[in-house]
Visitor: 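Got a structure for you, questions after.
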Amino acid sequence: MVYPQASQEVVLKLKAGDIIPVPTRAISWWYNDGDSELVVVFLGETSKAYVPGEFTYFLLAWAQGILGGFSTEFNSRAYNLKAEKLAKCQAGVLLIKLPDGQKMPQPCKNSTDKMVYNIDAASPDFHVQNAGLLTSLTEKKFPFIGEVGLSAILVKLEGNAMSSPVYATDSSVRVIYVAKGSGRIQVVGINGASVLDTKLKAGHLCVVPRFFVASTIADGEGMEYLSMITATQPLFGDFTGETSVWGALSPQVIQASLNLTPEFEQVFRAKIKKSTILVPPQD
C-alpha cells in the first residue's frame, strides 16, 4: 500500500478475519503468498465515484493502466527513457500469475499491527449462550478505520439462532456479506412494508437502506456475516432487550398503539426486558 503523500510503500501481512481500511487516493497491490485460495472482499462508499454505485478503479499497470493511455512520446519524455516496453509488456488485467521464483516484498509487522484489525480475534460486545456473538468495530477501537468513514459489525449465529430486529438511527446504510453458513433475512422498510424475505448463504451480499429494519435467523449449520456501516460511530435502535424502544414507552402508549389489554401489555413488556439482541433457538 502507498498512502497519500508517502514516499515508500507499506507491506502488510493479512490473514482470515482481517479488516484493512484503504483510504481514498491510496495505491494498493494484493498478493497471495500461500498455497490456498485467498478471498478479499472489497466494501466501500461509492457515492462519490465516477459512476455512483460502482467502484472507480485507477490502475497504474496492466492493459487498462494509465501508461497505456498515453503515447510513447509522452511516456518517454515523462520518464526520460524509451517507453515502448513500459506500457505494453504486461497484457494481464487485474489478476496475474507470477512466474515461479519471483519474489515479492516482505511484510512489516509493526505496520501490520497499526493498520490491520482482526475482528475474529477481538473480544465480542455480546455473547449469548447457544445464540452466538456480536463484535463491533469503530474508530474508538481501531482509529485507522475512521480514515474511510466506515465501521463494522461481525455476527456469528449458532444453529437456528436469531439476530433480533435492529435499525440504524443515524441514517447510515449497512452492507451485509455472508462469510459462512446460511440462513434467512427479513428487511422491513418505510410504512411497514416487507421489502426482503430471502435465503442467505456464504458469498451473498445484501444492502439494508437507511432507516430500514433487518433481522436474521441462521439455519441449522449456523451463519456468520459481516456488516459494513457508512458511519464511524453508528447508532442503532433495538426492539428487544434493556434498550428496547418498546420498553421505554409508557404502558398506556403501548396499549393504545397496539390495542392491547393491560394484562397482555404487561406480558409483552416482561418478555422484552428478558430478551436479548441475539436469541437462542426455540425449544
Visitor: Might you point out which heavy atoms bring M162 and S215 nearest each other, and give the distance in Å?
Guide: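 M162 and S215 have their closest heavy atoms at CE-OG, 3.1 Å.
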Visitor: Quick one: does L278's side chain get under 4.5 Å of S163's, heavy atoms only?
Guide: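 Touching, per the 4.5 Å side-chain cut-off.
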Visitor: Walk me through it: do K48 and T24 pass the test side chain to side chain contact (heavy atoms under 4.5 Å, CB included)?
Guide: CA-CA 11 Å; K48 296 181 180 179; T24 303; over 6 Å; no
Visitor: Could you report the tightest heavy-atom contact between S164 and V279, atom names first, then the distance?
Guide: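 Residues S164 and V279, closest heavy atoms: CB-CG2, 4.4 Å.
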Visitor: Give, for atom CG of L38 and atom NZ of K15, the distance between the pair rounded to the nearest 0.5 Å.
Guide: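 Answer rounded to 0.5 Å: 13.0 Å.
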Visitor: More than 12 heavy atoms of other residues, nucleotides or ligands under 6.0 Å from CD of E37: yes or no?
Guide: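 No, because the 6.0 Å sphere around CD of E37 holds 12 heavy atoms or fewer from other groups.
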Visitor: Do the side chains of D197 and R184 get close enough for a salt bridge, i.e. N-O under 4.0 angstrom?
Guide: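 Judged by the 4.0 Å cut-off on N to carboxylate O distance, D197 and R184 do form a salt bridge.
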Visitor: Please step through side chain to side chain contact (heavy atoms under 4.5 Å, CB included) for the pair L98 and M104, ending with a clear verdict.
Guide: CA-CA 10 Å; L98 296 184; M104 295 294 284; 3.8 Å; yes
Visitor: Quick check: closest heavy atoms across R269 and G247, and the distance to 0.1 Å?
Guide: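 Reported closest heavy-atom pair: NH1-O, 2.9 Å.
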Visitor: Nearest heavy-atom pair of A161 and N130: which atoms, and what distance?
Guide: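 In this case the closest contact between A161 and N130 is CB-O, 4.2 Å.
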Visitor: Report yes if some heavy atom in the side chain of F239 is under 4.5 Å from a heavy atom in the side chain of V213; otherwise report no.
Guide: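 Yes, close enough: below the 4.5 Å cut-off.
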Visitor: Assigning hydrophobic clusters by single linkage (Ile, Leu, Val, Met, Phe, Trp, Tyr; side-chain heavy-atom cutoff under 4.5 Å), is V116 placed with V41?
Guide: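 Hydrophobic grouping puts V116 with V41.
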Visitor: Enter the distance from M228:CE to I19:CD1 here, rounded to the nearest 0.5 Å.
Guide: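 The CD1 atom of I19 is 5.5 Å from CE of M228, to the nearest 0.5 Å.
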Visitor: After noting the C-alpha distance and the side-chain angles of T230 and L150, does the key distance pass the side chain to side chain contact (heavy atoms under 4.5 Å, CB included) rule?
Guide: CA-CA 5 Å; T230 58; L150 301 173; 4.1 Å; yes
Visitor: Are L134 and V175 connected into the same hydrophobic cluster when the rule is that any two of I, L, V, M, F, W, Y join if their side-chain heavy atoms are below 4.5 Å apart?
Guide: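 They do not share one cluster, since no chain of ILVMFWY contacts under 4.5 Å joins V175 to L134.
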Visitor: Give a yes or no on whether F55 atom CZ has more than 12 heavy-atom contacts from other residues, nucleotides or ligands under 6.0 Å away.
Guide: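 Yes, the 6.0 Å shell around CZ holds more than 12 heavy atoms from other groups.
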Visitor: Is any side-chain heavy atom of L94 less than 4.5 Å from a side-chain heavy atom of L59?
Guide: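 L94 reaches L59 side chain to side chain.
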Visitor: For side-chain hydrogen bond (donor to acceptor under 3.5 Å, both in side chains), just list the numbers for S194 and Q186, CA-CA rounded to whole Å, side-chain angles, deciding distance to a tenth of an Å, and then say yes or no.
Guide: CA-CA 8 Å; S194 175; Q186 288 190 352; over 6 Å; no
Visitor: Do S182 and K199 make a side-chain contact, defined as non-hydrogen atoms from C-beta onward lying under 4.5 Å apart?
Guide: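 A side-chain contact exists here, since the closest heavy-atom pair is under 4.5 Å.
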Visitor: Just by distance, no angles: are the side chains of Q233 and S151 close enough, under 3.5 Å, to form a donor-acceptor pair?
Guide: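 Judged by distance alone, the side chains do not pair up.
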Visitor: First locate atom SG of C206, then atom CG of L200, and finally report the distance between them rounded to the nearest 0.5 Å.
Guide: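 Rounded to the nearest 0.5 Å, the SG-CG separation comes to 5.5 Å.
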Visitor: Could you tell me whether Y31 atom OH has more than 12 heavy atoms of other residues or ligands within 6.0 Å of it?
Guide: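 Yes - once you tally the heavy atoms of other residues, nucleotides and ligands closer than 6.0 Å, there are more than 12.
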Visitor: Is I229 linked to L226 within one hydrophobic cluster, defined over Ile, Leu, Val, Met, Phe, Trp and Tyr using a side-chain heavy-atom separation of less than 4.5 Å?
Guide: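 No, because I229 and L226 fall into different hydrophobic clusters, even though each may have its own neighbours under 4.5 Å.
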Visitor: Would you indicate whether the side-chain heavy atoms of I185 and I176 approach each other to under 4.5 Å?
Guide: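 Result yes, sub-4.5 Å side-chain heavy-atom pair found.
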Visitor: Can you label the angle between the Y3 ring and the F144 ring as parallel, tilted or perpendicular, going by 30° and 60°?
Guide: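 Geometry flag for F144 against Y3: perpendicular rings.
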Visitor: More than 12 foreign heavy atoms under 6.0 Å from OH of Y50: is that the case here?
Guide: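 Not more than 12 within 6.0 Å, no.
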Visitor: Between D219 and K201 (salt bridge meaning N to carboxylate O under 4.0 Å), is one present in this structure?
Guide: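 Judged by the 4.0 Å cut-off on N to carboxylate O distance, D219 and K201 do not form a salt bridge.
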Visitor: Look at the aromatic rings of W246 and F268 and report parallel, tilted or perpendicular, splitting at 30° and 60°.
Guide: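 Judged by the thresholds at 30° and 60°, the geometry between W246 and F268 is perpendicular.
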Visitor: How close do T138 and I145 get, counting heavy atoms only, and between which atoms?
Guide: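 Nearest heavy atoms, T138 then I145: C-CG2, 3.8 Å.
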Visitor: I want to check something: taking the side chain as every heavy atom from C-beta on, are I66 and L60 in contact at a cut-off of under 4.5 Å?
Guide: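 They are in side-chain contact.
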Visitor: For the residue pair F236 and R174, what are the closest heavy atoms and their distance?
Guide: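 That would be CE2-CD, 3.7 Å.
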Visitor: Ignoring hydrogens and geometry, is there a side-chain-to-backbone donor-acceptor pair from D238 to T240 under 3.5 Å?
Guide: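 It does not hold such a pair.
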Visitor: Between the side chain of N75 and the main-chain N/O of T72, is any donor-acceptor distance below 3.5 Å?
Guide: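 No.
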Visitor: Verify, without hydrogens or angle tests, whether K141 (side chain) and S136 (backbone) share a donor-acceptor contact under 3.5 angstrom.
Guide: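 Checked: pair present.
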Visitor: With side chain to side chain contact (heavy atoms under 4.5 Å, CB included) as the test, would you mind laying out the steps for Q5 and R25 before giving the verdict?
Guide: CA-CA 9 Å; Q5 309 304 318; R25 298 184 295 140; 3.9 Å; yes
Visitor: Are the side chains of I119 and F142 in contact, using a 4.5 Å heavy-atom criterion?
Guide: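 Side-chain contact under 4.5 Å: no.
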Visitor: In terms of hydrophobic clustering (I, L, V, M, F, W, Y; side-chain heavy atoms under 4.5 Å; direct or indirect links), are L43 and V187 co-clustered?
Guide: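 Looking at the clustering, V187 is in a separate group from L43.
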Visitor: Do V11 and W29 have side-chain heavy atoms sitting under 4.5 Å apart?
Guide: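 Counting from C-beta outward, V11 and W29 do come under 4.5 Å.
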Visitor: Testing K103, K13, Q106 for side chain to side chain donor-acceptor pair (under 3.5 Å) with D33, which one passes?
Guide: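 Only one of K103, K13, Q106 forms a side chain to side chain donor-acceptor pair (under 3.5 Å) with D33, namely K13.
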